[in-house]
Amino acid sequence: MSETTIQRAADRAVHPVTETVLATLSGCGDARLKEIMWALIRHVHAFAEEVQLTGDEWRRGIDFLTQTGKKCDGIRQEFILLSDTLGLSIMLDAIHRKQDVTESAPTENSLLGPFYREGAHDEAYGANIARTEGEPALFRGRLIDETGKPVPNALIEVWETANNGMYEGQDPDQPESNLRGRFRSGPDGEYAFRSIKPTPYPIPTDGPVGRMLLAVGRHPMRPAHVHFLIQAPGYETITTALFSSDDPYVESDAVFGVKSSLVVEYVKNESAADAKEWDLPNPFFDVQRDFVLVRSQEAAR
Ligand code: BEZ
Ligand code: FE
């Protein structure tokens with residue numbers, strides 16, 4: 001930001017129009033709603049003033065929001081995509097989850113994304129969820145709490161894209177339940193499943209958000225990842241993902257969901273005995289990763 005811009009912002013007093021609009025909130029009996037509306041009005045007015053927004057630009061903005069709304073239905077949610085691409089979704093997570101990132105720290109969250117589907121099949125420990133081609137990978141580790149105690153019988157839902165960059169729910173050509181499944185952690189908190197190494201893929205670009213990315217010179221790619229939704233009674237739910245360290249987009253995720261603690265290495269396992277034990281070709285990718293759950297507020301009381 002240039003010094004002139006900073007000076008202009010500092011000099012700016014609340015505009016009389018802003019004052020008039022803020023005054024209309026005096027009768028609002030809901031303190032939180034009043035706080036939110038107050039800040040919203042101040043910020044949108046300041047935004048219009050800062051960029052000296054023209055009537056034509058505002059009409060284009062309204063048109064953009066209208067198109068965004070028209071692209072929302074039971075399956076597609078373009079407003080969430082807008083929030084994701086503007087970094088607002090991950091900003092909320094950053095505001096509300098302040099924690100140190102250490103080895104025993106709780107696993108960080110990432111975005112759920114629009115492709116989560118309820119009703120995944122229950123799978124046994126070690127099951128293979130890949131019904132389409134890919135580089136074989138084994139994912140394994142333990143669910144533990146912050147003291148290192150195992151968390152048994154937790155529900156672990158996983159989903160990832162096929163090699164064509166599409167989730168099963170987006171692609172009628174994929175077999176039912178491809179690359180998604182529901183597992184339970186074992187008595188020692190252990191989990192394992194076989195799948196494939198994920199590939200990077202573009203977020204949906206056939207709507208106004210895709211056009212916005214293009215207009216501002218941004219790419220729509222997400223680095224390769226596997227989603228995890230982990231639920232256990234008495235613990236906070238973890239909505240997260242594991243990202244591949246060797247991915248070309250790991251530093252420039254279109255929706256800002258990557259956190260360094262969630263980047264994992266796909267280690268090439270060349271052990272013939274391991275390949276035999278897991279019924280995988282030799283070599284295969286081996287991803288070993290624990291998840292650290294936090295006791296929920298209610299359970300802690
Ligand atoms: C996903 O990872 O599935 C995703 C997340 C945010 C926006 C689009 C896709
Ligand atoms: Fe995804």
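Atoms within each ligand, like the ligands themselves, are counted from 1 in listed order. All values below were derived from every heavy atom in this structure, side-chain atoms included, with hydrogens, water molecules and symmetry-related copies excluded.
- The distance from ligand 1 to the heavy atoms of H227 drops below 4.0 Å at these ligand atoms: 1 (C), 2 (O), 3 (O).
- Between the D84 side chain and the S89 main chain, no donor and acceptor come within less than 3.5 Å of each other.
- Scored by the salt bridge (charged side-chain N to carboxylate O under 4.0 Å, His left out) test, R42 finds no partners at all (sequence neighbours excluded).
- Against a heavy-atom cut-off of under 4.0 Å, Y167 is close to the following atoms of ligand 1: 2 (O), 3 (O).
- Checking side-chain atoms of R194 against main-chain N and O of G126 turns up a donor-acceptor pair under 3.5 Å.
- No option in R117, Q174, R131 other than R117 meets the side chain to side chain donor-acceptor pair (under 3.5 Å) test with E168.
- Of the possible polar contacts, one joining the Q170 side chain to the Y167 backbone as a donor-acceptor pair under 3.5 Å is found.
- At least one side-chain heavy atom of L242 sits under 4.5 Å from a side-chain heavy atom of F291.
- Considering only non-hydrogen protein atoms, atom 5 (C) of ligand 1 sits nearest to G113 CA, 3.4 Å.
- Protein N/O/S atoms closer than 2.8 Å to the Fe ion (ligand 2), listed by chain and residue number, are Y167 OH, Y201 OH, H225 NE2, H227 NE2.
- Of the protein's heavy atoms, Y201 OH, 2.8 Å lies nearest to atom 1 (C) of ligand 1.
- Residue-level proximity to ligand 1 for L81 is carried by the side chain, the only part with a heavy atom below 4.0 angstrom.
- Residue, atom and distance of the protein heavy atom nearest to atom 9 (C) of ligand 1 are P114 CD, 3.3 Å.
- Taking CD1 from I62 and CD from Q67, the interatomic distance works out to 12.5 Å, rounded to the nearest 0.5 Å.
- Atom 7 (C) of ligand 1 has D84 OD2, 3.3 Å as its closest protein atom, hydrogens excluded (heavy atom only).
- Judged by distance alone, the side chain of S185 and the main-chain N or O of A154 form a donor-acceptor pair under 3.5 Å.
- With hydrogens and angles disregarded, a donor-acceptor distance shorter than 3.5 Å links the side chain of S110 to the backbone of G257.
- Every atom of ligand 1 is numbered from 1 in the order shown, and the set under 4.0 Å from a heavy atom of H225 is 2 (O).
- In this pair, F285 and Y266 present their aromatic rings perpendicular. The plane angle is above 60°, beyond the 30 to 60° band.
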